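Below is one structure, written out as structure tokens; the observations come after it.
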Amino acid sequence: YSFFSIIEVFVDYLLYWIPFYYAFKMAFLLWAMLPQTRGAKFLYDNFLKDFLKTNESKIDAALKDAKTSAGKMAAEATAVTKEV
């Protein structure tokens, strides 16, 4: 759902001209979210699983860098607030 929301912010004027976009979006989201259809499991098993496996080390490194950066920023923010 969030993927659609982010994309729609930038291309809303173009999507307005696509017939039945919102109906297809709703149908896709229902297919993906309903437990009876197992759409999300299908997408994960057929597309995301292999991608995540092959890029696991890159993803872990990026998360580690983000954690380090967030820690540094939090420490700097704490230091600045103590000065005030």
Side-chain angles (χ1 to χ4, degrees):
Y1 177 78
S2 63
F3 174 76
F4 282 108
S5 297
I6 292 170
I7 297 299
E8 286 174 354
V9 168
F10 299 108
V11 293
D12 189 41
Y13 293 109
L14 297 174
L15 294 176
Y16 176 77
W17 293 102
I18 298 174
F20 302 108
Y21 166 75
Y22 292 102
F24 289 130
K25 174 187 166 186
M26 185 181 72
F28 172 77
L29 291 175
L30 285 173
W31 172 78
M33 292 181 192
L34 286 174
Q36 295 89 345
T37 59
R38 299 182 193 175
K41 182 175 178 3
F42 173 80
L43 291 174
Y44 175 77
D45 288 341
N46 291 320
F47 299 104
L48 282 175
K49 190 179 198 179
D50 295 331
F51 174 77
L52 293 174
K53 287 283 186 190
T54 57
N55 295 308
E56 183 176 8
S57 60
K58 293 178 186 177
I59 294 168
D60 289 341
L63 288 173
K64 184 179 179 183
D65 290 342
K67 182 179 177 182
T68 304
S69 297
K72 287 179 184 177
M73 290 174 62
E76 290 174 8
T78 303
V80 169
T81 56
K82 284 182 181 179
E83 291 175 4
V84 175

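Note that the structure is predicted; figures quoted are calculated from it, not measured. Just the heavy atoms: all of them, side chains too, but no hydrogens, waters or symmetry mates, feed the values below.
We find that K41 and D45 are joined by a salt bridge, their nearest charged nitrogen and carboxylate oxygen being less than 4.0 Å apart.
The hydrophobic cluster containing F20 does not contain M26, counting ILVMFWY residues as joined when their side-chain heavy atoms lie under 4.5 angstrom apart, directly or transitively. A continuous path of hydrophobic side-chain contacts links L43 to M33 [ILVMFWY only; heavy atoms under 4.5 Å]. Residues V11 and F3 share a single hydrophobic cluster, defined by chaining ILVMFWY side chains whose heavy atoms lie under 4.5 Å apart. Taking hydrophobic clusters as Ile, Leu, Val, Met, Phe, Trp and Tyr residues chained together by side-chain heavy-atom distances below 4.5 Å, L34 does not share a cluster with F42.
Closest heavy-atom contact between F10 and I6: CD1-O, 3.2 Å. For the residue pair I59 and L52, the shortest heavy atom distance occurs at CD1-CD2, 3.7 Å.
A distance of 9.0 Å separates CG in D12 from OH in Y21, rounded to the nearest 0.5 Å. Rounding to the nearest 0.5 angstrom, the gap separating the CG atom in L48 from the NZ atom in K53 is 13.0 Å. One finds the OG atom of S5 at 5.5 Å from the NZ atom of K25 (value rounded to the nearest 0.5 Å). In this structure, CD1 on I7 lies 11.5 Å from CG on L14, to the nearest 0.5 angstrom. Annotation: the span from E8 atom CD to Y22 atom OH amounts to 5.0 Å, rounded to 0.5 Å.
Considering only heavy atoms from C-beta on, F24 stays 4.5 Å or farther from I18 through its side chain.
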